[in-house]
Amino acid sequence: MSQATFSPSEAVPEGGTSGDFDKDRERMHRQMLSSVSHDLKTPLASIIGSLEVFERMKDKLQGAQKDELVKVALQEAYRLDNFITNILDMAKLDNGLVKPRHEAAEVSAVVRDCLLRLNHRLRHSTVNVKSTGTLDIATDAPLLTRAVCLILDNAVKYGGTPSVIDIEYGRKDDHIGFISIADNGRGIAQSQLGLIFNKYTRFAKEDQQNAGTGLGLAIARSIMNLLHGDVTAANQSNGSAILTITFPV
């Protein structure tokens with residue numbers, strides 16, 4: 001991960017007047033709308049462009065060229081769906097509309113479900129899964145799965161090229177379970193470790209395919225708070241990032 005570029009959830013510095021606060025809030029609101037609008041329009045433009053080329057030149061294109069255009073349109077449709085889902089999820093969480101239902105669940109099933117759901121995102125990644133044993137818990141499995149998937153998707157975005165992702169799960173002690181997801185990217189700047197879970201915090205990267213609404217990690221932490229757990233971030237000894245979900249057992 002590289003430097004954070006925007007985070008309207010940061011507090012206004014002390015000593016500012018109410019007028020300054022209003023101006024800051026208005027500025028951040030405009031930036032947020034600009035960011036979200038850009039992230040929605042970018043994949044939509046790619047979808048339209050690919051399908052227009054397909055429609056206009058379908059009689060002249062080779063089979064492989066047609067397949068590539070359809071592939072690009074589908075990938076961008078996945079991105080667009082993900083952006084919209086994140087925005088809706090954050091709105092529900094902010095308004096207290098998400099009510100967890102705790103039932104028996106198995107952590108290995110949660111991890112497998114995430115790998116299946118993100119199969120299209122993981123095509124060019126190497127994923128290693130390590131377990132310290134069976135872990136049965138009482139939780140809202142769909143919500144936990146959503147949080148893990150968001151963190152796994154983040155590892156794909158900010159991992160190396162190609163990305164190598166290490167997933168480990170088990171117990172920290174008798175009462176706490178964990179799922180850790182480590183990537184092979186450049187890690188998180190120390191000054192940014194406290195910001196990455198803020199809403200609309202984005203991280204600049206040369207590959208614009210990694211741009212996003214900056215809601216994924218904020219949603220993951222909000223979900224884990226509902227499940228009486230947490231999400232933390234750190235850098236490993238090799239400099240790459242590792243994010244860890246913890247939850248009661």
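In this structure, the side chains of L152 and R117 stay at 4.5 Å or more apart for every pair of heavy atoms. Annotation: side chain of I245 is in contact with side chain of I151 (closest heavy-atom distance under 4.5 Å). In this structure, the side chains of D230 and R221 come closer than 4.5 Å at one or more pairs of heavy atoms. Between I196 and Y158, every side-chain heavy-atom pair lies at or beyond the 4.5 Å cut-off. Contact annotation: the side chain of Q65 never approaches that of L69 to less than 4.5 Å [non-hydrogen atoms, C-beta and beyond]. Between I181 and V148, the closest side-chain pair of non-hydrogen atoms falls below 4.5 Å. Using a 4.5 Å cut-off on side-chain heavy atoms (C-beta onward), H120 and L74 make no contact. The side-chain heavy atoms of I137 and V107, taken from C-beta on, include a pair separated by under 4.5 Å.
Taking CD1 from I165 and CD1 from I242, the interatomic distance works out to 12.5 Å, rounded to the nearest 0.5 Å. Within the model, atoms NE2 of H175 and OG1 of T246 stand 14.5 Å from one another, a figure rounded to the nearest 0.5 Å. Put simply, CE on M57 and CD on Q62 are 10.5 Å apart, with the number rounded to the nearest 0.5 Å. To the nearest 0.5 angstrom, I223 atom CD1 is 6.5 Å from D89 atom CG. Summarising the geometry, atom CD1 belonging to I219 is positioned 10.5 Å from atom NZ belonging to K92; distances are rounded to the nearest 0.5 Å. Atoms SG and CG, on C149 and N154 in that order, are 12.5 Å from each other to the nearest 0.5 Å.
Side chain of S163 to main chain of S125: no donor-acceptor pair is present (N/O by atom type, distance under 3.5 Å, no hydrogens or angles). Not one N or O on the side chain of D166 forms a donor-acceptor pair closer than 3.5 Å with the backbone of A182. Checking side-chain atoms of N95 against main-chain N and O of L97 turns up no donor-acceptor pair under 3.5 Å.
Both V98 and L144 are assigned to one and the same hydrophobic cluster, defined by single-linkage of ILVMFWY side chains at heavy-atom distances under 4.5 Å. A continuous path of ILVMFWY side-chain contacts below 4.5 Å connects M224 to V249, so both sit in one hydrophobic cluster. V127 and L243 fall within the same hydrophobic cluster, where Ile, Leu, Val, Met, Phe, Trp and Tyr residues are linked whenever their side-chain heavy atoms come under 4.5 Å apart, directly or through other members. Placement of I179 and V164 in two distinct hydrophobic clusters is found when ILVMFWY residues are connected by side-chain heavy-atom separations under 4.5 Å, directly or transitively. Note on Y78: it does not cluster hydrophobically with V72, by side-chain heavy-atom contacts below 4.5 Å among ILVMFWY residues.
Nearest heavy-atom pair, T139 versus A105, reported as atom, atom and distance to 0.1 Å: CG2-CB, 4.0 Å. In terms of heavy atoms, E76 sits closest to S46 at CG-CB, 3.4 Å. Taking each heavy atom of S240 and N238 in turn, the nearest pair found is OG-OD1, 2.7 Å. The shortest heavy-atom contact between Q236 and D183 is NE2-O, 3.8 Å. Looking at every heavy atom in both residues, I188 comes nearest to A234 through CD1-O, 4.5 Å.
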Please report the C-alpha distance between V156 and H124 in whole Å, then the side-chain angles of each, then the deciding distance to 0.1 Å, and finally whether the side chain to side chain contact (heavy atoms under 4.5 Å, CB included) criterion is met.
CA-CA 9 Å; V156 177; H124 305 297; over 6 Å; no
Audit row: T126, N184, side chain to side chain contact (heavy atoms under 4.5 Å, CB included) steps and yes/no:
CA-CA 10 Å; T126 299; N184 62 327; over 6 Å; no
Dump the intermediate steps for side chain to side chain contact (heavy atoms under 4.5 Å, CB included) on M90 and L93, then the final yes or no.
CA-CA 5 Å; M90 196 73 255; L93 289 161; 4.2 Å; yes
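Ion pairing of D67 with K71 is absent here, as no side-chain N (NZ or NE/NH1/NH2) approaches a carboxylate O to less than 4.0 Å.
For K66, the NZ atom counts as densely surrounded, since its 6.0 Å shell holds more than 12 non-hydrogen atoms of other residues, nucleotides or ligands. Within 6.0 Å of atom CZ in R123, more than 12 heavy atoms from other residues, nucleotides or ligands are found, so the atom counts as buried in its surroundings.
E168 pairs by the side chain to side chain contact (heavy atoms under 4.5 Å, CB included) definition with K130, T132, F178, S180, not counting sequence neighbours.
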